[in-house]
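Below you'll find the structure, written out as structure tokens, and then a few comments.
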Amino acid sequence: MKVIDHLTNAKETIFSFEILPPLKGQNIEHIFNSIDPLLDFNPPFVNVTYHREEVVYKRLDNGLLEQKVVKKRPGTVGICAAIQNKYKIDAVPHILCGGFSKEDTENALIDLAFLGIENVLALRGDSLKGETYFVPEKQGHTYAKDLVKQIKDMNEGIYLDEELQNKTPTNFSIGVAGYPEKHFEAPSLNNDMQRLKEKVEAGADYVTTQLFFDNQKYFDFVDRARAAGITVPIIPGIKPVATKRHLSVLPHFFHVDMPDELISAIAACKDNKAVRQVGIEWGIQQCRELKEAGVPAIHFYSMGKVDNVQKIAEAVF
Ligand code: FAD
């Protein structure tokens with residue numbers, strides 16, 4: 001079933017979460033172990049992130065550096081198929097512009113359609129380490145909006161090769177990313193909102209937001225989106241803080257602010273066990289308020305460890 005239908009049919013806020021494929025070499029039990037404890041909260045869909053290749057350097061005996069391109073977390077499509085097969089829950093693979101030509105994208109979508117996967121979250125992806133700006137693959141897309149358009153075209157039976165015979169339309173529900181605190185490359189909040197509107201006009205059915213720690217940022221974002229004419233559901237993204245290091249890592253990687261009250265509470269913690277508890281309590285507070293405001297779903301960034309997500313869900317769902 002499509003995510004947009006889950007959202008439209010739901011009578012109350014849906015619990016949902018995303019998982020990362022395991023590091024290369026680990027087995028799929030690792031993934032199942034992080035899904036199992038969350039099944040009690042009836043997630044109708046689970047997102048699976050996509051990780052593109054990375055450039056790594058190995059120092060050789062002669063002191064020179066060898067450059068290697070590796071994919072540390074492959075397996076997004078296989079995990080999605082395994083989730084649907086084992087749990088009968090819809091899987092939402094993330095699909096990127098980065099590293100994909102239009103032809104690669106078309107073939108990936110054909111694989112997903114053949115596996116019975118009806119949902120994708122369409123993203124641009126970040127630049128590779130060492131690149132200042134995002135560089136699209138040759139014959140690939142520069143912006144998520146163009147990826148959305150390609151998926152939408154396939155949903156209408158339009159493939160890259162116009163001469164193909166007996167073309168079967170695909171049937172994907174398309175989600176896109178939104179940034180309550182602005183995407184870091186965008187010149188202004190307003191400009192970023194116009195870009196989001198373009199993604200929705202290209203065919204996105206719903207928006208999932210970047211993580212945030214201050215609900216007011218989400219509520220303002222939704223108000224601005226509605227004022228800009230974006231009417232699709234906007235799912236808030238929540239990440240419970242779990243370590244002291246998150247104080248610097250999360251703002252750095254996700255370009256989000258942390259409220260001073262949360263920073264002080266984390267700074268006062270003796271160890272990471274105490275920080276985890278602060279993160280759980282903050283998450284419960286955030287989610288209760290979001291649920292009361294009638295958000296369509298809450299999307300948890302689990303990043304592999306789910307005990308804190310489980311504690312929040314127990315208190316809220
Ligand atoms: P876009 O919507 O293409 O926007 C990127 C930038 O370009 C923005 O600043 C936008 O304002 C600007 N822009 C858009 N259109 C135009 C235009 N026509 N002209 C000029 N500027 C324009 N990354 C991964 O690698 N794997 C994942 O699985 C993953 N999952 C994610 C899930 C969620 C919910 C979110 C919020 C992010 C996720 N990301 C993931 C990160 C995402 O790939 C990055 O944030 C990326 O930098 C931007 O992706 P986007 O789809 O928002 O890009």
Side-chain angles (χ1 to χ4, degrees), residues 3 16-22 45-54 71-77 79-80 91-100 105 108 119-129 131-137 140-151 174-212 217-218 221 224-225 228 230 232-239 250-256 295-304:
V3 168
S16 80
F17 61 98
E18 77 172 35
I19 51 169
L20 278 65
F45 54 91
V46 176
N47 285 51
V48 184
T49 56
Y50 188 91
H51 300 260
R52 61 178 298 199
E53 69 281 8
E54 288 176 43
K71 220 176 214 188
K72 291 187 181 166
R73 293 182 185 271
T76 301
V77 173
I79 290 169
C80 285
V92 186
H94 293 190
I95 175 163
L96 304 184
C97 303
F100 282 72
T105 299
N119 296 287
V120 286
L121 191 74
L123 302 145
R124 187 196 69 179
D126 284 320
S127 50
L128 289 180
K129 257 187 215 146
E131 286 174 355
T132 313
Y133 298 105
F134 174 79
V135 180
E137 191 70 12
H141 297 298
T142 306
Y143 297 111
K145 170 191 74 173
D146 306 315
L147 175 58
V148 172
K149 166 93 172 54
Q150 183 178 4
I151 304 166
I174 310 167
V176 289
Y179 302 84
E181 299 178 55
K182 184 176 94 55
H183 184 261
F184 70 102
E185 292 168 26
S188 73
L189 280 173
N190 185 40
N191 184 275
D192 205 27
M193 187 57 76
Q194 290 311 313
R195 300 306 185 190
L196 179 61
K197 191 172 180 202
E198 288 169 8
K199 290 196 275 195
V200 174
E201 284 169 351
D205 295 316
Y206 65 98
V207 176
T208 302
T209 78
Q210 182 59 282
L211 56 94
F212 56 87
K217 299 253 167 78
Y218 167 82
F221 177 70
R224 288 188 291 107
I230 297 171
V232 298
I234 300 179
I235 303 175
I238 295 293
K239 158 91 191 127
L250 298 177
H252 178 75
F253 283 106
F254 300 102
H255 307 276
V256 293
V295 299
I298 299 180
H299 174 87
F300 288 92
Y301 290 94
S302 78
M303 296 181 190

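Counting convention: from 1, in listed order, for ligands and their atoms alike. One is the number of the first residue; the rest follow in order along the sequence. These numbers come from the heavy atoms of this one structure, side chains and all, not from hydrogens, waters or symmetry mates.
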- Message: Are P136 and F100 packed together at the side-chain level, in the sense that at least one heavy-atom pair is separated by less than 4.5 angstrom?
- Response: no
- Any side-chain heavy-atom pair of K239 and L250 under 4.5 Å: yes
- ring-ring contact (aromatic ring centres under 6.0 Å, His included) filter on H299, not counting sequence neighbours, yields Y301
- List for me each residue that meets ring-ring contact (aromatic ring centres under 6.0 Å, His included) alongside F184, sequence neighbours excluded, and say none if there are none. H255
- Message: I'd like the residue list for ligand 1, meaning every protein residue with a non-hydrogen atom under 4.0 Å from the ligand.
- Response: T49, Y50, H94, L96, L121, L123, R124, G125, D126, Y143, A144, K145, A177, Y179, H183, E185, A186, D192, R195, K199, T208, Q210, Y301
- Heavy-atom side-chain contact between L121 and N47 under 4.5 Å: yes
- Note on the structure: Residue set satisfying side-chain contact (heavy atoms from CB on, under 4.5 Å) with V256, at least two apart, ordered chain then number -> E181, Q210, L211, F213, F254
